[in-house]
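Some notes on the structure that comes next.
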Amino acid sequence: KTGFDGKKRHLGAITISSSQSVVNKHLTEAFIHTLTVELSILFFVGLIIWFLVRFLIVRPLSEFSSKVRDVAVTGFRNPIDIGPVRISEILTMQNGFNQLMQQISESHERIASQNAMLEQRVAERTREAMAKETRFRSIFERANAGITFFDASGTLLQFNDSYCNLVGYTPD
């Protein structure tokens with residue numbers, strides 16, 4: 001070192017010596033320290049990712065699933081809304097489900113309307129058929145001519161009183 005007067009001075013000497021075991025010990029300690037730091041960072045990054053996935057994906061999906069179960073029990077009356085969603089796919093799924101349920105609801109209404117209309121037509125046709133049957137029975141029973149009905153194999157199915165009088169048998 002050079003002093004203020006410009007002369008060189010000798011302050012002392014340093015001797016460094018080491019053995020293989022000391023170097024290995026220091027390398028092992030450095031490796032363990034580095035590994036500990038890296039594992040800690042990995043743990044915290046994993047924890048952050050876990051919280052983000054839980055908050056952004058799992059929570060909205062769980063809420064959506066719960067509301068879908070409610071729809072299965074109570075029926076679809078109002079669209080499902082799981083609140084603000086940060087993942088567009090979940091929002092798309094929610095909107096698609098609501099559209100599907102709306103279409104199903106509209107289809108059920110149309111089917112119910114068509115069923116009511118069909119039931120009304122069946123009731124009208126039944127009344128018409130019963131009126132025709134009553135007219136037919138009246139004509140069949142009061143006819144002066146003997147009337148009989150047979151099936152394709154020749155079995156007597158029906159006959160009126162005039163037929164019984166004509167052939168001389170009783171209805172029994």
How about CZ on Arg137, more than 12 heavy atoms from neighbouring residues, nucleotides or ligands closer than 6.0 Å, or not?
yes
Below 4.5 Å, heavy atoms only, C-beta onward: do Glu89 and Met93 meet side chain to side chain?
no
If you group Ile, Leu, Val, Met, Phe, Trp and Tyr by side-chain heavy-atom gaps below 4.5 Å, do Val45 and Leu39 land in one group?
no
Rounded at 0.5 Å granularity, tell me how far CD1 in Ile32 sits from CG in Leu35.
8.0 Å
Donor-acceptor side-chain pairing of Ser153 and Asp151 below 3.5 angstrom:
yes
Looking at Phe55 versus Phe51, is the centre-to-centre ring distance below 6.0 Å?
no
Beyond-backbone contact of Val73 with Arg69, side-chain heavy atoms, under 4.5 angstrom
no
What's the separation between atom OG in Ser107 and atom CD in Glu109, rounded to the nearest 0.5 Å?
9.5 Å
Answer whether the closest heavy-atom distance between the side chains of Asp161 and Pro171 falls below 4.5 Å.
yes
Side chains of Phe150 and Gln158: does their closest heavy-atom pair fall under 4.5 Å?
no
Only residue of Thr34, Ile41, Thr36 satisfying side chain to side chain contact (heavy atoms under 4.5 Å, CB included) with Glu38 is Thr34
Leu47-Leu42 co-clustered via ILVMFWY side chain contacts under 4.5 Å:
no
Assess whether atom CG of Asn115 is packed by more than 12 heavy atoms of other residues, nucleotides or ligands within 6.0 Å.
yes
Answer yes or no: is there a side-chain heavy-atom contact under 4.5 Å between Arg127 and Met130?
no
Separation between CD (Glu133) and CZ (Arg135), nearest 0.5 Å, reads 11.0 Å
What's the separation between atom CD1 in Ile48 and atom CZ in Phe43, rounded to the nearest 0.5 Å?
10.5 Å
Side chain of Asn160, backbone of Glu141: donor and acceptor closer than 3.5 Å?
no
Do NZ/NE/NH1/NH2 and the carboxylate oxygens of Glu63 and Arg59 come within less than 4.0 Å?
yes
Glu106 and its side-chain hydrogen bond (donor to acceptor under 3.5 Å, both in side chains) partner, picked from Arg110, His108, Gln102, Gln103:
Gln102
Between the CG atom in Asn144 and the CG atom in Asn165, the distance rounded to the nearest 0.5 Å is 10.0 Å
Could you go step by step and tell me if Glu29 and His33 meet the side-chain contact (heavy atoms from CB on, under 4.5 Å) rule?
CA-CA 6 Å; Glu29 288 173 0; His33 177 73; over 6 Å; no
Flag yes if Leu52 and Leu61 sit in one hydrophobic cluster, no otherwise; membership is Ile, Leu, Val, Met, Phe, Trp, Tyr, and two members link when side-chain heavy atoms are under 4.5 Å apart.
yes
Is it true that Ile90 and Trp50 fall in one hydrophobic cluster, defined by side-chain heavy atoms closer than 4.5 Å?
no
Does Asp70 offer a backbone N or O that forms a donor-acceptor pair with the side chain of Thr74 under 3.5 Å?
yes
Does Phe31, at its CZ atom, have more than 12 non-hydrogen atoms belonging to other residues, nucleotides or ligands within less than 6.0 Å?
no
Going from CD1 on Ile57 to CD1 on Ile87, what distance comes out if it is rounded to the nearest 0.5 angstrom?
5.0 Å
Is any side-chain heavy atom of Ser62 closer than 4.5 Å to a side-chain heavy atom of Val58?
yes
Which atom names give the shortest non-hydrogen contact between Ser162 and Ala145, and what distance separates them?
CB-O, 3.4 Å
Minimum heavy-atom distance Gln94-Ile82, with the two atoms named
OE1-CG1, 2.9 Å
Close side-chain approach of Ile147 to Phe159, heavy-atom, < 4.5 Å:
no
Are Phe149 and Tyr163 co-members of a hydrophobic cluster defined by side-chain heavy atoms under 4.5 Å apart?
no
Does any part of the side chain of Met101, heavy atoms only, come nearer than 4.5 Å to the side chain of Ile104, both counted from C-beta?
yes
